Amino acid sequence: MGGLLFGYDWVVIGGAKPFYEQFYHIADTPFLQGWAMSIALLGCLIGAVSAGILADRYGRKRLLILAAAIFLLSAYWTGMADTFTSFLLARFVGGIAIGIASDLSPMYIAEVSPAKIRGKLVSLNQLTIVVGILGAQIVNWLIAEKVPVEFTPEQILHSWNGQWGWRWMFWAEAFPAAVFLLMVFFIPESPRWLGMKGKIGEATSVLSRIGGAVYAKQEMSLLQQNLSGGEGHGKMKVLLSKPFRKVLVIGLFIAVFQQWCGTNVIFNYAQEIFQSAGFALDDILFNIVVTGIANLVFTFVAIFTVDKLGRRALMLLGAGGLSGIYLILGTCYFFEVSGWFMVALVVLAIGCYAMSLGPVTWVLLSEIFPNAVRGVAMATATFALWVGCFTLTYTFPIMNSWLGSSGSFWIYSFICAAGFLFLYRNLPETKNRSLEELEEELIDNK
């Protein structure tokens, strides 16, 4: 549910965009358009940093409860906002919940999952993100009334879409948020956090529920060897010390690269991307649903291959594949190609991302950091991810106005090629290995 609300809250604004921009009179102001789209990402930065620090102190479960409550508040507030300032504040608060959920959901799943199926289960978090994205796209499409091609901006403003439709797109999020808030009370605390805090009996009990007595004994033996139980291990200065530098650099890179690869601008700026390809507003909303379906289908591919092909192979496939697709896409925009061929290229890019960089990044981030600093390390990496997302989202309309769609996608192609080289040289394989075994390889104790 944390992943689903992450996906919904992140993408719902894309379908509401043509209507709230008219309502707030910002349709002709790229600076304010970028601010409306990216303000939630600043909240994500706050949420991600706070989540890691507070989760090491108070536990994973309590922070997930807080995230659910904030999602519910934000959904209601955003739909009620009558001023642009209130809208921005509501989106910022919602971003805090996204930041907490994006940090803690995959980390919690990794900490309760047996090693042999950990990749598949953490990928389920990405699946729920994708379901949330598709849910938002379908809800937006169903709520929005048909907009005649000849409608002027003034007519859109005074239509049902311009006054109420976009509000219901945000209010619809309150329903899954309420379910999340209820359900999260029934999950156990993370056994690895309990072990880190010296609560051995409680940790053993949770592990027994997961895999039985023998499994619990084996996991607790590894955990007790790995952890000293001191509070100082979670501090930033330890994470920045020499033994942890290599794994920190890898984590920061893959977090930022997942955003700078460029695919997420398709979800947030689908209107501009499809308009550049010659589509009307009604067709754009339908095309957005098509991209969401592709995102969902290819995420299933990732779930069934991440523990077979491995994380490294899928990350390399994603980086190389996107570089080639963006090169072709940018060239097509340059020569003003339009129609369904452009939709096919966009869907192909989303499919490539959905089976690789999208889910596998979260799997890797939940795996590569040592137990003793996982909370603060995940917070740092997730913070970097949302910095990457903010810069990507804010700069796209500006870059698009300067360079056009062709230049923008050529830049993303270059970034993906550079990312491929870094991953090829530095990324280890993590499949079928316990979190404690990975620590032995990735931490420099010399």
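What you see is a predicted model; the values in this text were computed from it and never measured. The analysis underlying the following values was restricted to heavy atoms, covering all of them including side chains, and did not include hydrogens, waters or symmetry mates.
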Discussion item. Go through it in stages, so that I can follow the logic: the residues are Leu124 and Ile109, the test is side chain to side chain contact (heavy atoms under 4.5 Å, CB included), and I'd like the CA-CA distance, side-chain angles, deciding distance and then a yes or no.
Written reply: CA-CA 9 Å; Leu124 287 177; Ile109 295 170; 5.7 Å; no
Item to complete: Go through the steps for Trp166 and Tyr24 under the test ring-ring contact (aromatic ring centres under 6.0 Å, His included), then give the verdict.
Response: CA-CA 12 Å; Trp166 66 269; Tyr24 295 123; 5.7 Å; yes
Worksheet entry | Working for side chain to side chain contact (heavy atoms under 4.5 Å, CB included), residues Gln258 and Trp362 | CA-CA 9 Å; Gln258 190 211 47; Trp362 294 110; 3.3 Å; yes
Worksheet item: Trp171 and Thr78: side chain to side chain donor-acceptor pair (under 3.5 Å), yes or no, with the steps?
Response: CA-CA 8 Å; Trp171 282 336; Thr78 309; over 6 Å; no
Worksheet item: What do the steps show when you test Met355 against Thr299 for side chain to side chain contact (heavy atoms under 4.5 Å, CB included), and what is the final call?
Response: CA-CA 5 Å; Met355 66 176 290; Thr299 299; over 6 Å; no
Practice prompt. Might you work through the side chain to side chain contact (heavy atoms under 4.5 Å, CB included) test for Leu296 and Leu127, ending with a clear yes or no?
Written response: CA-CA 7 Å; Leu296 177 62; Leu127 175 63; 3.4 Å; yes
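By the 6.0 Å contact criterion, OH on Tyr215 is enclosed, its count of non-hydrogen atoms from other residues, nucleotides or ligands being greater than 12. The number of heavy atoms from other shown groups lying within 6.0 Å of CZ (Arg312) is above 12.
Contact check for Ile133 versus Asn295: side-chain heavy atoms found under the 4.5 Å cut-off. At a threshold of 4.5 Å between non-hydrogen side-chain atoms, the residues Phe422 and Leu427 do not count as touching. Between Phe6 and Ser105, the closest side-chain pair of non-hydrogen atoms is not below 4.5 Å. Between Ile13 and Tyr20, some side-chain heavy-atom pair lies under the 4.5 Å cut-off. Considering only heavy atoms from C-beta on, Lys246 stays 4.5 Å or farther from Asn426 through its side chain. Between Leu72 and Leu181 the shortest side-chain heavy-atom distance falls below 4.5 Å. Side-chain contact check for Val184 versus Phe180: some heavy-atom pair is nearer than 4.5 Å. Between Val112 and Pro191, some side-chain heavy-atom pair lies under the 4.5 Å cut-off.
To the nearest 0.5 Å, atoms CG (Asn125) and CE (Met107) are separated by 11.5 Å. To the nearest 0.5 angstrom, Ile328 atom CD1 is 6.5 Å from Leu345 atom CG. Of the inter-residue distances, the one linking Trp168 atom CH2 with Asn140 atom CG reads 14.0 Å to the nearest 0.5 angstrom. Met1 CE to Leu64 CG: the interatomic distance, rounded to the nearest 0.5 Å, is 12.0 Å. Taking SG of Cys352 as the reference point, atom CG of Leu317 lies at 5.5 Å (rounded to 0.5 Å). Atoms CG and CG, on Asp103 and Leu54 in that order, are 10.5 Å from each other to the nearest 0.5 Å.
Closest heavy-atom contact between Ala16 and Phe170: CB-CE1, 3.8 Å. Of all non-hydrogen atoms in Ser408 and Leu403, the two that sit nearest each other are N-CB, 4.3 Å. Here the closest non-hydrogen pair linking Gly165 and Ile143 is O-CG2, 3.4 Å. The nearest pair of heavy atoms linking Gly195 to Ala203 is N-CB, 3.9 Å. Pairing each heavy atom of Phe341 with each of Cys332, the nearest pair is CE2-SG, 3.6 Å. For the residue pair Thr128 and Gly3, the shortest heavy atom distance occurs at OG1-CA, 3.4 Å.
If you look at Trp260 and Tyr412, their ring centroids are not closer than 6.0 Å. Under the 6.0 Å cut-off for aromatic ring centres, Trp410 and Tyr333 do not qualify, their centroids lying 6.0 Å or more apart.
Proximity of a side-chain donor or acceptor of Glu21 to a complementary backbone N or O of Ile26 within less than 3.5 Å is not detected. At distances below 3.5 Å, at least one donor-acceptor pair connects side-chain atoms of Lys61 with backbone N or O atoms of Ile187. At distances below 3.5 Å, not a single donor-acceptor pair connects side-chain atoms of Ser74 with backbone N or O atoms of Phe71. At distances below 3.5 Å, at least one donor-acceptor pair connects side-chain atoms of Thr331 with backbone N or O atoms of Leu327. The main-chain N or O of Ile46 is found under 3.5 Å from a side-chain atom of Ser50 such that the two form a donor-acceptor pair.
In this structure, a donor-acceptor pair under 3.5 Å is present between the side chains of Tyr326 and Thr263.
Using a 4.0 Å cut-off between charged nitrogen and carboxylate oxygen, Arg60 and Glu111 count as a salt-bridge pair.
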